[in-house]
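These notes are about the structure you will find just below.
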Amino acid sequence: MSQPGTFIHPGVPRIDGEPLLSIDDLQTYFHTDEGEVKAVDGVTLAVEEGKTLGIVGESGSGKSVTAFSIMRLIPEEQGRIVGGHITWRGKGEAVGLESIPIEQMPRYRGAEIAMIFQEPMTSLNPVFKCGWQIAEAITQHTDAGWDEARRRAIELLTEVGIDKPEKRMNQYPHELSGGMKQRVMIAMALACDPRLLICDEPTTALDVTIQQQILDLIGKLQRERNMAVLFITHDLGVVAEITDFVVVMCPGETLRLLDSGDDGKDSAGFDRGGHIVEFGSVTDIFNNPQHPYTKGLIACRPTLKTCSKRLPTISDFIQAEKQGMTLDPTDPYLEIDYPGRATVSREEMRGFGEPLIELKGIRTWFPIQSGIWQRAIDWDRAVDDVDLTIPRGRTVGLVGESGCGKTTLGRTILQLVRPREGQVFFEGRDLTTLSRKELRPLRRRLQIIFQDPYSSLNPRLTVEDTLVEPMTLHGLYENTQGRRDRAVWLMERVGLKADHLYRYPHEFSGGQRQRICIARTLASEPEFIVCDESVSALDVSIQAEVINLLLDLQDEMGLTYLFITHDLSVVKYVSDVVVVMSSSRVMADLYEGEERERIVQEARGGHIVEMKPPDELYRNPEHPYTRKLLAAIPAGDPQQIRRRRKAAEA
Amino acid sequence: MILFKLLLVVLICLAGWWLTHRAVPWTAVKLGRLAGFRMKMTPLTVRRVRRFQQIRRGYWCFVILTTAFVLSLFLEFYVNHRPLYIAFEAPAAEGEDTRTHRQFPAIASWFRLWLPEAASERLGLSADTRSEDFGLKGDSSVPYHDYSRWARDPEELEKDAASIEEWIEEDKERFHAMMEEFAAQQDEVHDRSEPLPDDKIAEYEEKRAEAAFLRELKTHFEAGRARILMPLWPYSHQQQLLHLPGQPPHKPFVRDTVSTDDPTASPTRIPFFGTDFEGNEILAQILYGFRISFAFAMSVAFIGYLIGVSIGAMMGYFGGWFDIIVQRIIEVWGSIPFLFVIIIIASIMQPSFWLLAILLVCLQAWIGITFFMRGEFYREKARDYVQAASAIGVGDPKIIGRHILPNALVPVVTYLPFSIVAYINTLVALDYLGFGLPPESPSWGRLLRQGAENIINHPHLVGFAVVAMAATLFCVVLIGEAVREAFDPRKYSRLR
């Protein structure tokens with residue numbers, strides 16, 4: 001196997017013995033309009049019986065394509081396996097999965113190798129009952145009759161921890177919650193006692209508390225059934241939680257910097273697709289990472305311990321490695337300087353800490369309508385009685401699980417959604433009483449950055465049009481030329497090039513798009529920005545870069561942030577105050593007896609349950625819901641997890 | 001001659017292609033730049049267009065159909081019974097210079113299509129000619145077919161004159177034979193030297209004068225004083241070929257020249273594609289029918305979409321009460337039976353092109369697209385870029401027009417070819433039933449009805465109309481299919 005550049009990577013796995021599944025130098029290429037894309041380019045790994053192997057990597061590293069190649073699920077029109085071997089020893093003799101006729105694949109899919117996917121919402125067929133779908137999988141692969149299959153299905157549902165399995169059998173997928181659906185998916189995957197379970201980001205779409213439950217469930221099933229598990233994820237914290245061995249995959253492009261020779265020309269390494277850079281046991285990977293990419297991955301994700309002012313990024317590690325330095329990714333005080341870092345501090349700005357926005361008794365309820373005249377028959381209480389003060393120059397972190405109303409609260413502040421009751425004071429003016437027209441001049445000063453960088457830019461406008469529009473609208477700068485100059489300045493400030501101005505959004509990567517969104521937000525020179533899950537959809541390394549950028553801009557311009565996220569580690573890292581939101585529906589399960597009755601009766605929508613500075617909140621959570629949230633954070637440290645698990649067992 | 005004409009057809013097609021696919025887009029881009037637009041396709045559009053071009057059959061149909069439509073806008077220049085150019089140099093009277101009379105009737109008839117009558121009068125463009133101006137007698141229009149035949153070969157005039165004289169002799173002979181038979185019945189002998197009756201003499205005098213006039217005319221034609229340039233296909237839907245031998249309809253593909261009893265009618269070729277019951281040439285009817293059907297469908301689709309897209313956009317964007325009320329209105333409006341309304345109106349007044357188009361728009365065409373646009377806007381307005389725009393403070397009209405609409409046009413583009421098919425069908429059906437366009441306008445539907453009534457004796461009437469309609473609709477459907485595929489974000493793929 002050829003290695004790019006000068007690095008000899010330490011842990012590229014060797015295959016010895018006869019593992020259950022072994023992949024040798026797999027190459028899967030896709031054909032696109034722009035030419036061939038090397039999705040997987042040299043993957044060698046082995047999954048031992050009864051062990052869990054994790055594949056970690058950022059998007060574009062080819063980790064999912066590896067799984068799809070094993071199952072031969074890649075449509076022929078789109079791509080194919082061009083090299084390497086996939087050897088499966090399910091029933092003693094070795095089968096080359098990459099070369100058998102596709103007609104024979106159903107013998108292995110489901111029966112010997114099962115797979116669960118990221119999106120439980122779309123992986124179940126919405127028109128069939130859950131029980132029927134599980135029973136069908138059983139009848140497909142065994143000669144069990146329908147009654148037998150039904151009985152097995154109920155057993156499986158019990159095994160994956162679903163209460164009242166008989167009732168769930170007759171329910172349709174939309175009647176179940178996300179976590180429940182993922183459990184049903186797992187039950188389906190287990191239907192025929194597979195030897196290997198491939199989990200492709202099974203918890204990414206779920207809330208932290210549910211994620212914890214699903215991870216525990218997969219771990220338990222794996223031990224009980226002595227299955228092999230191939231666990232694919234982008235989240236190192238999750239990997240630490242569940243796996244025995246870890247393979248780190250990396251998009252070839254990331255290593256361009258590392259492999260470029262002294263004469264500045266790109267070496268062959270850049271041309272390479274996604275491949276493995278490191279392999280090892282989970283403790284080795286976390287405690288003694290060798291490859292700079294792995295180190296970067298570990299370091300750039302803020303943990304609860306991180307104390308540095310700015311986050312290190314993967315390119316920092318690659319740069320350092322190139323210059324012969326060694327950085328310790330687990331050092332919580334690691335500080336790395338980079339060009340563009342803010343030189344001033346927000347604490348010195350005028351008016352720092354004075355209240356900028358005050359919410360009083362905000363209730364945002366959405367009507368549930370019915371009939372041909374669409375009368376409101378009930379209310380969806382997204383935000384229910386929230387009081388909050390946001391001081392100038394500070395960051396207020398807002399956390400909560402999905403459905404707790406945190407996004408609605410952010411949009412209510414900006415009056416994108418009008419509240420049903422309550423006041424939003426901005427510099428003493430009540431925004432809720434202003435008409436749309438009166439609000440328009442104020443909109444310049446209150447802005448929002450969205451979660452999904454793919455849908456928050458108009459695909460039909462060039463970057464320049466996108467950036468100039470807010471300036472034109474609010475009459476900033478005198479003429480078009482002045483606005484264009486400002487757009488160039490903005491692009492450079494957020495770390496993009498001026499000649500990117502004439503491109504369209506789809507020509508950029510996710511991280512670059514989020515930078516454009518930030519530039520658009522800054523174009524109107526706001527004072528207050530709602531960051532609505534702004535970094536959640538990004539890869540960890542890009543997330544670190546964007547967080548750094550947001551922090552620099554805050555220091556430079558004295559911005560005030562409302563930082564909405566579900567990621568408790570990130571919120572601890574960026575915030576000055578953390579606000580935890582929840583609703584009665586979510587919290588009811590935490591209580592028992594009369595207290596539970598009271599909470600259910602109250603049926604209060606999303607509201608604040610706890611508000612404290614981050615250090616204090618994490619050290620001393622008072623509300624039971626906060627405690628539950630904090631317990632579910634993946635620690636990202638295998639030793640700590642082991643300690644915790646032991647404590648739980650004892 | 002045939003080869004020359006075919007070459008001309010090819011040249012016209014090439015010119016049409018160049019005009020449609022080079023000149024018009026280029027001009028549009030230049031004009032757009034002048035008006036201050038950037039006039040550059042977004043990469044997304046570029047990719048879609050490229051994918052559309054890769055679907056060969058759809059793309060070729062698109063090229064052929066657009067070229068055909070643009071060419072059909074200039075149909076008067078090459079399919080017309082009027083000459084492109086006609087001139088006659090009147091012989092000089094005493095003390096005067098020779099005066100040449102020139103006219104461009106075909107071009108004038110083309111202008112009359114676009115300009116109001118008064119305007120083309122003022123330009124001195126008259127589609128009608130007076131025989132007197134061109135060396136003939138009388139006030140009526142010049143017989144262009146004869147005129148061009150004479151101009152091509154002045155000997156034809158001599159032949160025509162000779163045939164008149166021949167006819168006189170024959171007629172005399174016939175008269176005498178009749179008289180002899182009559183005399184034989186009376187047991188008398190008919191004396192051939194007896195003078196003819198006065199009325200016969202007067203008739204023969206007139207004929208002889210006509211022959212003499214033709215001979216005199218021959219001198220003018222031989223001197224090259226008369227010039228005429230006929231279009232490529234010298235027939236049109238406005239001309240009833242009554243001088244042809246026999247009763248219309250004439251069968252197609254009859255290559256013989258037929259001489260007749262009528263002295264004034266010279267031996268004439270029957271048009272290659274035959275005629276219909278009114279004596280109109282079929283190919284000209286089909287071609288002009290294509291123009292009117294396609295123009296009708298395009299206008300209906302365009303106006304309908306203009307209304308439907310704006311209403312659907314507002315329904316989707318504003319939602320709420322506006323949406324609910326308009327939805328109910330559409331439900332009621334959509335249940336009005338289109339055909340009965342047209343029949344009632346047609347029985348009161350003769351529908352014209354625009355009346356029919358507007359009726360179709362009002363009753364039907366605007367409704368279908370509103371559903372698509374409403375759905376599209378409902379989906380797009382929830383996207384973050386719309387939220388971002390309104391967070392910046394962009395007003396509603398600008399959000400609808402600048403932000404959402406360009407992203408919501410996919411259903412319009414994919415739906416358009418299929419609705420054009422539907423409106424062509426509607427027009428043909430109305431014409432077939434007799435509630436369509438006024439009788440003087442060319443129409444496929446009327447041809448179909450005439451043919452359907454006489455399918456045994458004259459199958460060509462149905463045949464040509466069906467071939468033309470099927471070819472057009474087939475092209476449009478193939479285009480529609482290709483457009484839909486090119487705009488589909490997912491390429492065809494299948495998990496195995």
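We name chains A, B, ... by the order of the sequence lines, and we start the count at 1 in each one.
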When heavy-atom pairs shorter than 4.5 Å are enumerated against chain B, which of [options] gives the highest number?
options	answer
A/Arg460, A/His474, A/Lys437, A/Arg440	A/Arg460
A/Arg520, A/Met105, A/Arg444, A/Gln451	A/Arg520
A/Thr466, A/Leu439, A/Leu414, A/Leu461	A/Leu461

Does the side chain of B/Glu380 reach to within under 4.5 Å of the side chain of A/Asn458, using non-hydrogen atoms?
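No, too far: nothing below the 4.5 Å cut-off.
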
Does the side chain of B/Tyr385 come within less than 4.5 Å of A/Pro459's, by heavy atoms?
yes

Shortest non-hydrogen contact between A/Ser456 and B/Ala388, atoms and distance:
O-CB, 4.4 Å

Using a 4.5 Å heavy-atom cutoff, which residues in residues 475-483 of chain B come close to chain A?
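Under the 4.5 Å heavy-atom cut-off, nothing qualifies.
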
Checking an interface table here. Which of residues 298-305 of chain B come within a heavy-atom distance under 4.5 Å of chain A?
none

Chain A interface, residue from B/Gln387, B/Arg383, B/Gln327 that has the most non-hydrogen pairs under 4.5 Å:
B/Gln387

If I measure from the heavy atoms of chain A, does B/Val394 come under 4.5 Å with its side chain, its backbone, both, or neither?
both

Do the side chains of B/Asp396 and A/Arg436 get close enough for a salt bridge, i.e. N-O under 4.0 angstrom?
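Looking at B/Asp396 and A/Arg436, the cut-off is met.
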
Check B/Asp384 with A/Arg411, please: is the shortest side-chain N to carboxylate O separation under 4.0 Å?
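Yes, charged N to carboxylate O under 4.0 Å.
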
Walk me through whether A/Ser524 and B/Ile392 qualify under side-chain contact (heavy atoms from CB on, under 4.5 Å).
CA-CA 8 Å; A/Ser524 64; B/Ile392 287 164; 5.5 Å; no

Of the backbone (N, CA, C, O) and the side chain (C-beta and beyond), which part of A/Leu446 lies under 4.5 Å from a heavy atom of chain B, both, or neither?
backbone

